[in-house]
Every structure is written in C-alpha cells, then in structure tokens.
Amino acid sequence: MSENKESRSFAYAQAGVDVEAGYKAVELMKHHVARTFAGCGNDGTGEGAEVIGGFGGAFPLSLEGIEQPVLVSGTDGVGTKIRVAQLAEKPTTIGIDCVAMCANDIVCTGARPLFFLDYIACGKNTPQKIADIVQGVAEGCVQAGCALIGGETAEHPGLMSASDYDLAGFCVGIVSRKKMLDPKNVQVGDVLIALPSTGLHSNGYSLVRHVLDVENTPLDAPVDALGKKTLEEVLLEPTAIYVKPVLALLDKVQVKSIAHITGGGFYENIPRALPKGLAAEIVRSALYVPPIFTYVQKLGDISEHDMFNTFNMGVGMCVIVSAPEADGALAELAKAGLRGAYIMGEVRKAQGERQVEFV
C-alpha cells in the first residue's frame, strides 16, 4: 500500500507555533526598546537599538574612570504576580517589576546597571500582548538607566494555555572593585535608612492570591480598606526602582551596605547586609506600613512575624550609613527624587543568632 505523504504533512502553525506572530511582535516592540539606549551611560545616541531581532545583543562599553572594573549580574522573574496581570488583562507593568527585581539587586553592590535582557514564555504569541510586556520592560530599563539589548519570546503550545505567559530577566552592571559595598564595613551605631516601597512589589503573591481569593474576587471594585483603590490598582502597582537615587547617594555619601527587601522580608534580607555578630534594631513604631499589608494580615489572620518574614512591609530597600552621615543621606535621596525615606533603626551587637530585632 502506498503512503499518502501529503496527508502526513504539517506546518509549524498547525502545531501551535505562529512564526509570523513572532516577527510581528518584534516589530511592535522595537520603538519601546529604542527608548532604553538614550541616557544609559553611553553616548545616548540610541545606536545599537537596530540590532534587536539579531542573534546577539550588543552594548558599547566605556571603562573610563573605572579602576579594576567588576561586572555584577542578576536574574529574576516576577513570580505569581503574573497571575494577577493575566486576570486583569493588563500585562504592561510587570515588565517594570522584572527590571526592578534585577536592577535593585545589582545596585546593592554599588554597581551601575548597564544592560538588560528578557525572556517571555507564552502559550500563544499574541503580538500586541508581547509588545505590551516589552513596553513595561523598556520603561523599567529607562527608570534604571540601562539598555534593553535583546530577549527571547518562546511559544509553548501544549505546555501553557493560550492565555498564559511568564517573564524573567537578566541584568549586568559594572563597578570599580574599590567602590564595591562590603557588609564588613558596617559597625555598631550605624543607621538604617528605609526607602519606601510602592506596596507589595513582587513578593508574597502566592499568599496574597490565596488570602484575597483573586481568582473569584472582582479586581476592579474599590476596596474601602485600601482607600477606595481597587485590588487591581494595588496588586499591580509596579515595584519601585531605586537605582538612580541610590547611585546619586553613593556619589555623595559613604554608604556602608544596602539590602533589597524581597522574598523573605526583613528576616532574610537585612542580615545579608550585615557582618556576623551585628544585628539590625528596628523601631517598629517608626515604620510606615501601607494599607495593603494590614488588609492582607487581617483577612489571612497572619502573625506579625510571618508578615515581616514574607513581605517588605513598606520598606523596599534598607541603606546603612554612619550616624553622622544620616541626615545628609536623607537630603541627598530627596534631592535625587526619592521622597519619604526615613530612619528606621540602627545597628547593635547581636544577641544570640537573631540579626533582626524589633523594639
């Protein structure tokens, strides 16, 4: 019996992958990407943006004024905050979150972010949706002062549903070795400065989604406890990007160490900015805790310890300086556009193994 080869022939699109949609998405995102090359620490001409869509992203590197250059890299995603964006059908702001998670980590070492790459996985490539995600990534890069030099969009039919997508990123920065921040420089009596968060940022969303039952709760209805804001507004508030004000601060003040308050909250992240034997003594009454945290804690009947062990509780970053430098640091942060920073405690000798204590 002869085989009908024509009946066994398939196009890639029949398997669920639309190559043409991929081309269209790249075209839609190019003008967003081009924004990130101006003011990213090089000549500001935007040269290099045209290479998007090629096999590799290029970045013109200048080492002028940098002694013993050290490259610092970071990679992260947005976690299950993605699910809220999917439910709300608003994919743009998660790109800012993705850049923030990576760039904020890098600046904790004293490094200036140089460039960023993203990876988007989706069940079906809808060009406008992919371009909207990249628009957010580009906006995050502009806020962080780094260039978006490339990325990948992968279509995964059969592995993800048509409406599903995920986002991760990778950032590289640079710093002179002698200017790298070292927690070993922190001493008893140093001051802890809180940089305010814009809410939940991008951590704890698996717990938040469970407590708020976001799959079955209207996200566009105002909530009294949240100042009449909707859950959609509050849960999709982009993560603050601290890069530019922190870099401005590093130019003016001797910063000892920095902690980015992400997953693990205060108890995991602040000790990473401290040497062994020292602890952060935090004045609980000094903290400004946004309403979303109180709302989640009350609805979920969550202990205060677990809240500070999961969320940023209104503090997106902790900067450690000597006591005489504290007022100047606050002034410099305000001058750089970061309003609302405040002193939340100081460094003490550790009592036992705990490195974070509330008083």
Side-chain angles (χ1 to χ4, degrees), residues 36 39 74 76-79 81-82 84-85 90 92-113 116 135-146 148 167 169 171 173 192-205 208 226-227 229 232-250 255 257-266 269-270 272-273 286-293 296 308 310-320 329-330 332-344:
T36 71
D76 211 335
V78 187
K81 187 173 185 176
I82 289 280
V84 181
K90 293 186 175 180
T92 303
T93 57
I94 57 167
I96 300 175
D97 292 304
C98 191
V99 175
M101 295 300 288
C102 299
N104 284 343
D105 275 353
I106 283 177
V107 81
C108 286
T109 68
R112 172 173 59 88
F116 189 88
Q135 178 183 347
V137 175
E139 173 58 29
C141 287
V142 169
Q143 291 183 26
C146 62
L148 177 57
L167 172 66
C171 191
L192 308 171
I193 295 178
L195 307 193
S197 74
T198 50
L200 291 165
H201 283 183
S202 299
N203 300 103
Y205 273 79
V208 169
L226 300 178
K229 290 185 177 180
E232 181 180 293
E233 289 178 283
V234 174
L235 298 185
L236 290 180
E237 182 72 29
T239 303
I241 295 179
Y242 300 103
V243 172
K244 290 181 179 179
V246 168
L247 290 177
L249 179 66
L250 291 172
V255 174
S257 190
I258 302 176
H260 184 200
I261 314 300
T262 55
F266 279 47
N269 292 291
I270 292 180
R272 297 164 67 182
L287 299 179
Y288 169 70
V289 180
I292 182 59
F293 297 103
V296 169
F308 278 96
T310 304
F311 303 105
N312 68 61
M313 297 300 284
V315 180
M317 190 167 277
C318 171
V319 174
I320 303 176
L330 292 173
E332 290 298 334
L333 287 167
K335 190 184 300 183
L338 196 153
R339 306 288 178 179
Y342 59 92
I343 295 173
M344 68 174 183

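Side chains included, hydrogens not; waters and symmetry mates left out as well; all remaining heavy atoms used.
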Legend entry - Full working for side-chain contact (heavy atoms from CB on, under 4.5 Å) between Phe311 and Val208: CA-CA 10 Å; Phe311 303 105; Val208 169; 3.6 Å; yes
With heavy-atom distances below 4.5 Å as the criterion, would you say the side chains of Val78 and Tyr205 are in contact? no
Measure the shortest side-chain to side-chain distance between Ile96 and Thr239 over non-hydrogen atoms and say whether it is less than 4.5 angstrom. no
Rounded to the nearest 0.5 Å, what separates atom [atom1] in [X] from atom [atom2] in [Y]?
X: Ile241; Y: His201; atom1: CD1; atom2: NE2; result: 9.5 Å
X: Leu338; Y: Leu330; atom1: CG; atom2: CG; result: 10.0 Å
X: Asp97; Y: Lys81; atom1: CG; atom2: NZ; result: 3.5 Å
X: Asn203; Y: Thr262; atom1: CG; atom2: OG1; result: 5.0 Å
X: Leu195; Y: Arg339; atom1: CG; atom2: CZ; result: 14.0 Å
X: Cys318; Y: Asn312; atom1: SG; atom2: CG; result: 12.5 Å

Criterion side-chain contact (heavy atoms from CB on, under 4.5 Å) on Leu235 and Ile292, from CA distance to verdict: CA-CA 9 Å; Leu235 298 185; Ile292 182 59; 4.2 Å; yes
Restricting to non-hydrogen atoms, name the atom on [X] and the atom on [Y] that form the minimum distance, rounded to 0.1 Å.
X: Val243; Y: Pro113; value: CG1-CD, 3.7 Å
X: Leu247; Y: Ala111; value: CD2-O, 3.9 Å
X: Ala259; Y: Cys108; value: C-SG, 4.0 Å
X: Ala144; Y: Val99; value: CB-CG1, 4.1 Å
X: Pro245; Y: Ala336; value: CA-CB, 3.7 Å
X: Gly169; Y: Cys98; value: N-SG, 3.4 Å

Exactly one candidate in Ile261, Asn269, Ile193, Ile258 meets side-chain contact (heavy atoms from CB on, under 4.5 Å) with Met317; the answer is Ile258
Hits for ring-ring contact (aromatic ring centres under 6.0 Å, His included) against Tyr242, two or more places apart or cross-chain, chain-then-number order -> none
* Stepwise side-chain contact (heavy atoms from CB on, under 4.5 Å) check, Met313 with Leu287 -> CA-CA 8 Å; Met313 297 300 284; Leu287 299 179; 5.7 Å; no
Treating Tyr342 as the side-chain partner and Tyr288 as the backbone partner, does any N or O pair qualify as donor plus acceptor under 3.5 Å?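 A pair under 3.5 Å: yes.
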query: If you measure only the distance, is there a donor-acceptor pair under 3.5 Å linking the side chains of Glu139 and Gln143?
result: yes
